[in-house]
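The figures that follow rest on heavy atoms only: side chains count, while hydrogens, waters and symmetry mates do not.
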Amino acid sequence: MSAKATAELSSLPLRGWTFRQGDRSSSEGWLEAGDPPTEVHRDLVRNGKAPDYRQDFNELAVRWIGDETWTYRTTFNRPELEQDEGQEQGQGIKTVLNFQGLDTFASVYLNDELILASDNMFIKHRVHVTLRPENTLEIVFESARLKGLELVKQHPEHRFIVHQTEISRGPVRKAQYHWGWDWGPIIMSCGPTKPITLETYVCRLEELRVIYELSADLKRVHGTIQVQGEGVGDCELYVEVVNSQTGEVEWSTTRLSKSGDQRSLFETPFELRDVQTWWPRGYGSQSLYTVRAVARSGTHILHSTSQTTGFRRVDLVQKPDAHGRSFYFRINHVDVFAGGSCWIPLDNELSRHPDDASSYRDWIRRAAEGNQTMVRVWGGGVYEPDAFYAAADELGVLVWQDFMFACASYPAADPAYLASVEREARQNVRRLRHHPSLVVWAGNNEDYQLVERYGLQYDPDDDQDPQSWLKTDFPARYIYEHLLPQVIATETAGVPYHPSSPFGNGKSTVLKVDPTIGDVHQWNVWHGTMQPYQQLSEMGGRFVSEFGMEAYPHLETLEKCITRQEDRYPGSMAMDFRNKAIGHERRLVSYVAENFRLRRDWEGFAHLSQVMQADAVGCAYRAWRRQWGTREGGQRCGGVLVWQLNDCWPTVSWAVVDYYGVPKPAYYAIKRAMRPVVVGVQRRFRDWTMRPADKLWQRDTSHIDMRGLWEDDVRYDVWVASNGQQEEDKGAMRLTVKFVSVKTGEEVMEAIVKEVPTRLCNGTTEILQDARVETPDKQDNHAPFNPAKADPFVIHATLHDANDQLVSSDCSWPDPIKYLGFADRGVRASYPDKSTAVVTAEKPVKGFVFSEVAQVAPLSDNGFDIMPGETWEVTTASDYPIDQLKWRYVEMDD
């Protein structure tokens with residue numbers, strides 16, 4: 001490869017790579033590799049040397065790869081350097097190899113000379129080099145697992161503790177999920193997972209930073225624009241601020257001055273009036289500005305760089321109130337309920353999704369179209385590519401960003417480790433700081449739970465000396481409460497920092513949840529005490545940053561990874577191997593069996609698990625959103641993030657959208673619960689699972705143990721929740737509450753109709769609280785209860801606007817569903833065109849689900865309950881005919 005280089009910056013990707021097992025000591029065994037970004041697992045599959053780990057038990061067949069050394073190699077020619085204004089050839093032109101990401105222990109050799117040794121996957125490297133006419137570049141990747149074990153032995157002074165995986169990940173700065181997690185496989189990959197380029201230039205603009213303040217009235221922005229440059233001394237610097245929507249230049253200057261003694265840092269003050277602010281989706285427009293810097297020599301452009309940003313104010317409000325201490329986000333003076341999901345990496349082979357891949361935008365768009373306001377980038381993965389955050393900026397999705405630490409005690413007392421962490425943090429904060437969507441940095445995921453579980457030394461009240469923390473058996477406190485706050489304070493302005501997720505007063509952890517302070521991870525549903533999911537409404541906190549329920553994906557996804565017909569049944573060895581969650585066999589079946597009549601067939605059990613997940617997730621979102629108050633001090637819950645949005649391989653997990661981008665019904669449950677205006681109905685829950693059967697049905701005049709099923713003393717609540725800013729009053733809305741017999745589809749008592757004011761704004765309006773259903777007593781109070789004579793009913797609430805258009809609906813079923821009969825539902829699905837389905841039923845239907853496939857764009861709705869008189873219209877933007885999708889509901893005859 002050869003090219004001409006001029007004074008203008010040139011960046012050429014290095015191509016033509018080969019790779020081999022082992023180090024540089026042999027010249028044999030070379031195979032063709034993909035050009036970076038790539039990695040060893042993908043390259044072995046390309047060459048027929050390894051199977052696809054995503055299928056069947058193949059994960060076991062590729063484990064050996066992670067224990068080997070691998071070498072990548074390419075050759076290239078030195079660029080031809082042009083003469084410039086009589087100078088000697090190449091004079092003043094710099095040559096740099098730019099390594100944007102090496103995973104992880106990488107030794108880089110140029111023409112047999114070691115030029116770089118990297119041990120941190122999250123760091124970029126730039127190496128100035130002198131080239132020969134012909135050059136050989138080799139990168140040796142050592143096993144991260146084996147190197148991790150060596151580092152553990154080298155540091156006996158540290159108490160290495162890791163959860164989920166083996167101890168070798170503790171000292172290694174590599175994506176922690178590569179060691180496996182309870183939703184992902186063990187794929188210890190390595191390789192050049194980001195592009196490698198050869199750059200030549202006279203000058204290069206390295207950093208472009210905008211430091212600003214937004215006035216209290218949100219009308220004016222003023223601050224400083226800084227440009228960090230290399231070789232910029234004799235250049236003319238030009239900076240402009242462009243409105244990204246209109247393309248108009250709103251501010252510009254050619255007069256940048258050097259900052260103090262820093263020869264390569266230039267800065268200029270700037271000011272914008274009548275600025276358009278950036279808002280989260282649903283609260284305003286996502287106005288963006290492009291800041292561009294250009295280095296010129298006369299009329300010749302040597303280099304230019306730009307960043308797109310938005311102007312907004314962010315506060316993480318943590319103040320004492322009637323419920324303890326608040327935890328919610330305030331954007332541009334408006335309090336925002338942050339409903340959304342947690343995010344894990346898209347794949348175990350990250351090079352499948354290059355940094356500019358449209359897949360990141362597709363996923364953020366999917367969250368936005370699901371009415372999600374926030375995504376949380378989890379600390380066991382990676383700092384995501386710019387494309388991820390750019391999509392969040394454009395679509396108005398807030399980002400909660402963890403630093404990359406998860407479920408471990410890290411060796412912060414090691415100076416080399418600490419220096420690497422600081423470099424990692426500064427690089428990534430600098431890269432991401434201009435994104436208006438990024439509204440909080442958190443120090444880690446669940447690391448403080450180790451303090452309680454293992455009795456580590458930690459005194460948040462008395463010990464305030466950071467240096468002393470390094471001498472304890474929990475030295476990582478130094479990272480989370482000293483180093484990272486300093487990085488945030490110096491590298492980015494106006495973005496809050498939170499020490500951990502979860503974190504309350506330093507003593508509230510995953511194991512011991514304090515619902516009055518900080519954020520919480522609520523895992524006593526599924527994990528822990530395995531409470532009924534109907535109790536989630538009373539198991540929240542000031543901000544629920546994790547909770548979840550498992551479910552199967554649609555069968556098409558399972559069929560892609562479970563290839564043998566004999567393995568396609570619930571509980572097969574192949575299915576159990578794919579689900580990495582501890583105790584999943586017992587937990588998933590228990591939750592399904594407690595609530596539904598079990599199905600043994602693959603399709604039937606998959607459907608029930610999906611309906612159960614959607615019920616659990618929907619119940620939580622509705623209840624916790626209800627706790628979003630209408631005034632300061634009333635926000636009992638400031639947000640809820642389901643674990644998790646996505647998968648990193650095809651599997652059974654907590655994800656609400658599977659690996660191939662196909663939503664589960666729970667995705668739509670969140671979409672409905674997070675509409676701008678929603679109605680919610682909830683009946684009082686009685687836990688039938690904790691009583692002996694004879695006590696459950698015992699009945700006397702002083703106490704009734706059957707509330708929630710076929711009772712004559714049903715208590716329930718109805719409310720309306722809204723978000724966004726003040727709405728125009730367009731007339732009252734109409735709330736209707738009906739009581740519909742499950743058996744007959746008829747109303748068992750007179751409906752309740754109430755007017756609800758349209759001027760609902762960013763909070764909850766309680767309509768009915770602890771209301772009682774006054775049903776006629778059709779049985780003798782002194783006679784034994786006879787379930788055969790009972791008439792269970794669904795409480796169905798609808799909200800219509802002044803034009804009689806349906807705004808929202810919700811229903812509350814008697815629990816458990818498995819005690820109900822669903823004969824003769826009278827379900828009809830018609831298809832006016834190939835992209836539209838219309839679904840109706842004569843009697844109440846539970847869990848109507850279209851079996852979506854990867855070829856179909858997400859449906860407008862799915863996984864819903866149907867009441868008599870309702871019409872559900874489901875549409876898709878896909879060319880795949882919607883009438884080709886199968887559908888089923890609970891207890892449907894096959």
| query | Heavy atoms, side chains only, cut-off 4.5 Å: are Thr193 and Thr38 in contact? | reply | no
- [ ] Evaluate the criterion ring pair (Phe, Tyr, Trp, His ring centres under 6.0 Å) for residue pair Tyr454 and His163; output intermediate values, then yes/no.
- [x] CA-CA 12 Å; Tyr454 299 98; His163 283 184; 5.7 Å; yes
- Should we say atom CD1 of Ile582 is surrounded by more than 12 heavy atoms from elsewhere, each under 6.0 Å from it? no
task = Can you label the angle between the Tyr478 ring and the His482 ring as parallel, tilted or perpendicular, going by 30° and 60°?
result = tilted
Can Arg433 and Glu491 be counted as an ion pair, charged N to O under 4.0 angstrom? yes
Strictly below 4.0 Å, N to O, side chains only: are Glu546 and Arg376 in salt-bridge contact? yes
Donor-acceptor pair, side chain of Asp52 and main chain of Asn58, under 3.5 angstrom:
no
Sequence neighbours excluded, the answer for ring pair (Phe, Tyr, Trp, His ring centres under 6.0 Å) partners of Tyr552 is Phe605
**Prompt:** What's the verdict on salt bridge (charged side-chain N to carboxylate O under 4.0 Å, His left out) for Arg542 and Asp519, showing C-alpha distance, side-chain angles and the deciding distance?
**Reply:** CA-CA 6 Å; Arg542 307 317 306 267; Asp519 67 315; over 6 Å; no
In Arg430, Arg173, Lys124, the residue satisfying salt bridge (charged side-chain N to carboxylate O under 4.0 Å, His left out) with Glu424 is Arg173
Within the 4.5 Å heavy-atom criterion, are Ile562 and Met575 side-chain neighbours or not?
yes
Do Arg625 and Val640 come within less than 4.5 Å of each other through their side chains, counting heavy atoms only? no
Q) When the ring planes of Phe57 and Phe577 are compared, do they come out parallel, tilted or perpendicular, using 30° and 60° as the limits? A) tilted
message = Ignoring hydrogens and geometry beyond distance, is a side-chain donor-acceptor pair present between Ser468 and Asp463 at under 3.5 Å?
response = yes
- request: For the residue pair His584 and Asp182, confirm or rule out a side-chain donor-acceptor distance under 3.5 Å.
  value: no
Do any side-chain atoms of residues 146-157 form donor-acceptor pairs under 3.5 angstrom with protein atoms, and if so which ones, sequence neighbours left out?
{"unit_1": "His155", "atom_1": "ND1", "unit_2": "Glu157", "atom_2": "OE2", "d": "2.8"}
{"unit_1": "His155", "atom_1": "NE2", "unit_2": "Asp414", "atom_2": "OD2", "d": "3.4"}

Relative to each other, are the rings of His527 and Trp654 parallel, tilted or perpendicular (30° and 60° limits)? tilted
Could you tell me whether the side chains of Ser409 and Arg159 share a donor-acceptor contact shorter than 3.5 Å?
no
Check your understanding: Are any of the side-chain heavy atoms of Arg54 and Tyr659 separated by less than 4.5 Å?
Key -> yes
Q) Is a side-chain donor-acceptor pair under 3.5 Å present for Ser545 with His521? A) yes
Closest non-hydrogen contact found for Pro345 with Gly381 is CG-CA, 3.6 Å
Centroid-centroid under 6.0 Å between Tyr480 and Phe503 rings
no
- Message: Counting C-beta onward and ignoring hydrogens, is there a side-chain heavy-atom pair between Tyr458 and Arg477 closer than 4.5 Å?
- Response: yes
Discussion item. With a 3.5 Å distance limit and no angle check, can you tell me whether Gln457 reaches the backbone of Asp473 through a side-chain donor-acceptor pair?
Written reply: yes
Review point. Asp647 side chain to Ala655 main-chain N or O, any donor-acceptor pair under 3.5 Å?
Key: no
Only residue of Val399, Asp402, Leu484, Val429 satisfying side-chain contact (heavy atoms from CB on, under 4.5 Å) with Trp441 is Val429
Quiz prompt | Side-chain ion pair, Glu59 and Lys580, N-O less than 4.0 Å | solution = yes
query = What do you reckon, are the aromatic ring centroids of Trp343 and Trp400 less than 6.0 Å apart?
reply = no
**Message:** So that I know where these two stand, are Tyr448 and Phe474 an aromatic pair - ring centroids less than 6.0 Å apart?
**Reply:** yes
**Asked** Is any side-chain heavy atom of Gln644 closer than 4.5 Å to a side-chain heavy atom of Trp378?
**Response** no
Aromatic centroids of His125 and Phe99 separated by under 6.0 Å: no
Check your understanding: Do Val495 and Val439 come within less than 4.5 Å of each other through their side chains, counting heavy atoms only?
Key -> no
Taking every heavy atom of Ser437 against every heavy atom of Tyr389, the minimum-distance pair comes out as OG-O, 3.6 Å
Worksheet item: So, the side chain of Ser420 versus the backbone of Ala416: is there a donor-acceptor pair under 3.5 Å, distance only?
Response: no
- Item | Donor-acceptor side-chain pairing of His323 and Thr516 below 3.5 angstrom | no
Exercise for the section: Show your reasoning for whether side chain to side chain donor-acceptor pair (under 3.5 Å) applies to Glu142 and Thr69. Expected result: CA-CA 5 Å; Glu142 297 181 76; Thr69 296; 5.3 Å; no
Trp649 six-ring face occupied by Arg578 cation (under 6.0 Å, within 45°): yes
Taking Arg352 first and then Glu349, would you say they form a salt bridge - that is, a charged N and a carboxylate O separated by under 4.0 Å? yes
Main-chain N/O of Asp447 paired with Asn444 side-chain donor or acceptor, under 3.5 Å: yes
Is the Lys NZ or Arg CZ of Lys174 less than 6.0 Å from the centre of Tyr177's six-membered ring, within 45° of the axis? no
- Give a yes or no on whether the backbone of Pro51 and the side-chain of Gln55 come within a donor-acceptor separation of less than 3.5 Å. no
Looking only at heavy atoms, the pair that brings Cys648 and Trp183 closest together is SG-CZ3, 3.7 Å
Side-chain ion pair, Arg431 and Asp386, N-O less than 4.0 Å
yes
Heavy-atom side-chain contact between Ile65 and Val40 under 4.5 Å
yes
Paired with Phe547, the ring-ring contact (aromatic ring centres under 6.0 Å, His included) test is passed by just one of Trp643, Trp624, Trp523, namely Trp624
Shortest non-hydrogen pair, Ser609 vs Ala606, comes out as OG-O, 2.8 Å
Q.
Test salt bridge (charged side-chain N to carboxylate O under 4.0 Å, His left out) on Asp658 and Lys664; report intermediate values, then the result.
A. CA-CA 7 Å; Asp658 73 29; Lys664 301 178 188 177; over 6 Å; no
**Asked** Quick check, are the ring centers of Phe105 and Phe141 under 6.0 angstrom apart?
**Response** no
Parallel, tilted or perpendicular: ring planes of Trp526 versus Tyr591, cut at 30 and 60 degrees:
parallel
Practice problem: Indicate, with yes or no, if the rings of Tyr328 and Phe543 have centres closer together than 6.0 Å. | Solution: no
Worksheet item: How about Gln318 and Ser326: does a side-chain donor come under 3.5 Å of a side-chain acceptor?
Response: no
Stepwise salt bridge (charged side-chain N to carboxylate O under 4.0 Å, His left out) test for Arg586 and Glu550
CA-CA 12 Å; Arg586 181 183 311 129; Glu550 274 203 0; over 6 Å; no
Checklist entry - Short question: side chain of Thr472, backbone of Trp469 - any donor-acceptor pair under 3.5 Å? => result yes
With no hydrogens and no angle check, do the side chains of Glu446 and Gln449 hold a donor and an acceptor under 3.5 Å apart?
yes
Between Arg169 and Ala406 the two heavy atoms that sit nearest each other are NH1-O, 2.9 Å
Nearest heavy-atom approach of Gly339 to Met674 is CA-CE, 3.8 Å
| said: Checking the side chain of Glu39 only, and the main-chain atoms of Ser351 only, is there a donor and an acceptor separated by less than 3.5 Å? | reply: yes
